[in-house]
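Nothing here was measured: the structure is a model prediction, and the numbers come from that model. Side chains included, hydrogens not; waters and symmetry mates left out as well; all remaining heavy atoms used.
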Amino acid sequence: EGAAERTPIRVEGILDFATARRQQAIGLTTQDGKEYEIVVQEGLDDLVRAYFRQWVIVTGLYDKKHIYLSDVQPSEE
């Protein structure tokens with residue numbers, strides 16, 4: 001069995017925890033308490049840092065474990 005298929009995802013939540021792992025990753029928690037780990041590619045890390053602890057909309061590809069970030073925007077809330 002190979003890697004899980006990556007499917008497009010759009011999630012709203014707060015960027016609330018950073019993880020010091022092999023890859024640069026940050027955590028997002030949704031309003032209902034679901035947590036996602038987001039893998040941040042080089043070049044997007046400054047953008048993510050700017051939105052840390054803020055309510056955002058994240059888009060990317062999801063493989064059932066991680067979201068591979070393609071964009072982060074402030075939420076309209």
Side-chain angles (χ1 to χ4, degrees):
E1 217 173 297
E5 194 178 328
R6 293 184 187 179
T7 55
I9 191 171
R10 182 178 184 276
V11 184
E12 201 169 322
I14 189 164
L15 293 176
D16 58 356
F17 62 95
T19 61
R21 297 248 171 92
R22 190 166 43 87
Q23 296 166 302
Q24 175 128 13
I26 191 164
L28 178 138
T29 305
T30 63
Q31 201 159 10
D32 59 7
K34 187 162 178 164
E35 291 183 350
Y36 292 94
E37 193 166 293
I38 299 166
V39 177
V40 181
Q41 286 91 344
E42 229 176 292
L44 290 172
D45 42 0
D46 286 344
L47 185 61
V48 166
R49 267 198 288 278
Y51 287 124
F52 193 61
R53 296 206 185 280
Q54 292 186 47
W55 204 260
V56 294
I57 297 167
V58 163
T59 51
L61 294 174
Y62 185 52
D63 69 358
K64 305 278 190 276
K65 284 193 194 122
H66 304 95
I67 296 173
Y68 296 84
L69 184 68
S70 57
D71 190 37
V72 57
Q73 308 177 341
S75 171
E76 293 304 309
E77 287 198 327

Minimum heavy-atom separation for [X] and [Y], please, with both atom names.
X: Phe17; Y: Leu28; value: CE2-N, 4.1 Å
X: Leu69; Y: Leu44; value: O-CD1, 3.7 Å
X: Arg6; Y: Leu61; value: CB-CB, 3.9 Å
X: Gln73; Y: Asp71; value: NE2-OD2, 3.0 Å
X: Ile67; Y: Tyr62; value: CG1-CD1, 3.6 Å

Rounded distance (nearest 0.5 Å) linking atom CD of Gln54 with atom CG of Leu15: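 The distance works out to 8.5 Å.
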
- prompt: Atom CD in Glu12, atom CD in Gln31: separation rounded to 0.5 Å?
  reply: 7.5 Å

[X] versus [Y]: any side-chain heavy-atom pair under 4.5 Å?
X: Ile9; Y: Tyr36; answer: yes
X: Val40; Y: Leu47; answer: no
X: Val56; Y: Val48; answer: no

message: Would you say that more than 12 heavy atoms from the other residues, nucleotides or ligands in this model lie under 6.0 Å from the CZ of Arg10, or not?
response: no

- prompt: Between Ile57 and Trp55, is there a shared hydrophobic cluster once you connect ILVMFWY residues whose side-chain heavy atoms come closer than 4.5 Å?
  reply: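 No: no chain of side-chain contacts under 4.5 Å links Ile57 to Trp55.
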
Check: Ser70 main-chain N/O paired with Thr59 side-chain donor or acceptor under 3.5 Å: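 Not confirmed, Thr59 side chain does not pair with Ser70 backbone.
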
